[in-house]
Amino acid sequence: MTEARRTALVLRHDSAIGLGNLGPTLEAHGYEIVTVDAPSTDVAALDALAPDLVVVLGGDEGAYETDRYPYLADEIALLRTRIDAEAPIFGVCLGAQLLAKTLGAEVYKGPKKEVGWLTVEPTAAGANSPVRHFAGVPTVQWHGDTFELPEGVERLASSGAYENQAFAKGEWLLAVQFHPEVTDEIHEDWLREWGDELPAYGLTREQLREERASFGPVAEAASARLLGEYLEGLEARDRRAA
């Protein structure tokens, strides 16, 4: 009998902010990927507990803008159901903010945007987590919102601008504010879509292209190790529960 493949439900908010290099790592661990575009999908109709993993990607929306973007409220309800069941979730940027909000923390606009190829510093807990693979490795930041650390989670990383860059709850929930998923294609998409705002942060498209050339391969390798280690932790958890 062929073993059933695991499924990963990916909640995407913008076609330019996709799964990127996280996809091959999921596939290498035996996941069938199902991507839904939250703005045009009836998220409330999705079975929150059917997927083995839910991945929540980034977006321009604020996690607090549920009146403006009603599908965010449906995502929060889906995440609440999974959290109550301790069902695996991986959140990136907006995904991390939605998880923080679902866990009862405040999400709000920060004092300034954090944009560019920047480093995060793992905490003591982070040094023993998958996030440790980004220690000293510049990664893409492109956000203006932040959040308070929810109760009952571990802070895994901080940056100079924002204290809460990653957090976890047990082995099953992992959230990162930074963007480990970025590939060359995604990077160019972002420069095309949002590059006009870069001068406000003392940056240029060409500067970020040069930094991508220098840091991109190492960051993608770190991304594969981060997600791979998280998925291995889920597999070990499943074996213990069997």
Side-chain angles (χ1 to χ4, degrees), residues 5-43 46 51-63 65 69 71-72 74-75 78-79 88-99 113-118 130 133-134 137-145 165-166 174-198 205 208-209 211-213 215-228 230-231:
R5 296 190 72 189
R6 298 179 181 89
T7 57
L9 173 67
V10 178
L11 298 176
R12 184 172 63 182
H13 305 94
D14 188 311
S15 60
I17 309 175
L19 194 59
N21 65 56
L22 302 175
T25 301
L26 286 167
E27 290 170 345
H29 283 262
Y31 283 84
E32 179 181 354
I33 299 168
V34 178
T35 300
V36 301
D37 290 305
S40 58
T41 298
D42 184 1
V43 175
L46 299 174
D52 296 282
L53 171 67
V54 166
V55 179
V56 191
L57 297 176
D60 271 346
E61 303 93 331
E65 295 182 298
Y69 305 109
Y71 53 87
L72 294 181
D74 294 334
E75 287 186 67
L78 181 150
L79 295 175
I89 311 166
F90 179 66
V92 177
C93 198
L94 173 59
Q97 296 159 15
L98 287 167
L99 281 168
K113 273 198 171 184
E114 190 175 35
V115 179
W117 284 86
L118 305 167
H133 298 294
F134 274 92
V137 177
T139 183
V140 174
Q141 298 272 17
W142 207 312
H143 71 101
D145 287 350
Q165 286 286 346
L174 179 61
V176 297
Q177 176 62 69
F178 55 93
H179 285 281
E181 80 278 16
V182 172
T183 59
D184 284 336
E185 181 180 5
I186 287 175
H187 198 257
E188 277 302 309
D189 282 347
W190 292 7
L191 293 183
R192 181 173 59 253
E193 292 286 334
W194 299 292
D196 287 348
E197 69 183 59
L198 292 175
R205 286 183 172 92
L208 289 193
R209 288 189 179 106
E211 292 180 350
R212 167 70 191 171
F215 304 135
V218 177
E220 288 205 45
S223 175
R225 289 193 292 269
L226 180 153
L227 183 58
Y230 167 68
L231 297 176

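Computed from a predicted structure; not experimentally measured.
For Leu19, the side-chain contact (heavy atoms from CB on, under 4.5 Å) partners at least two apart in sequence or on another chain are Val10, Leu22, Leu26, Ile33, Val55, Leu57. With sequence neighbours left out, Arg192 forms a side-chain contact (heavy atoms from CB on, under 4.5 Å) with Asp189. Here His133 pairs with nothing under the ring-ring contact (aromatic ring centres under 6.0 Å, His included) rule; sequence neighbours left out. Applying the side-chain hydrogen bond (donor to acceptor under 3.5 Å, both in side chains) test to Trp190 and every residue at least two apart in sequence or in another chain returns nothing. For Asp196, the salt bridge (Lys or Arg N to Asp or Glu O under 4.0 Å) partners at least two apart in sequence or on another chain are Arg205. Every residue two or more places apart in sequence or in another chain that forms a side-chain contact (heavy atoms from CB on, under 4.5 Å) with Pro51 is listed here: Thr7, Leu9, Val54, Arg82. For Phe215, the ring-ring contact (aromatic ring centres under 6.0 Å, His included) criterion is met by no residue, not counting sequence neighbours. Looking at residues two or more places apart in sequence or on another chain, you find a salt bridge (Lys or Arg N to Asp or Glu O under 4.0 Å) between Arg212 and Asp184, Glu220. For Glu197, the side-chain contact (heavy atoms from CB on, under 4.5 Å) criterion is met by Lys113, Trp142, Trp194, Tyr201, not counting sequence neighbours. Considering only residues two or more places apart in sequence or on other chains, Glu65 meets the salt bridge (Lys or Arg N to Asp or Glu O under 4.0 Å) condition with Arg68.
The salt bridge (Lys or Arg N to Asp or Glu O under 4.0 Å) analysis of residues 8-26, with sequence neighbours excluded, yields the pairs Arg12-Asp37. Within the structure, the side chain to side chain donor-acceptor pair (under 3.5 Å) test picks out the following pairs touching residues 22-31 (sequence neighbours left out): His29-Glu235.
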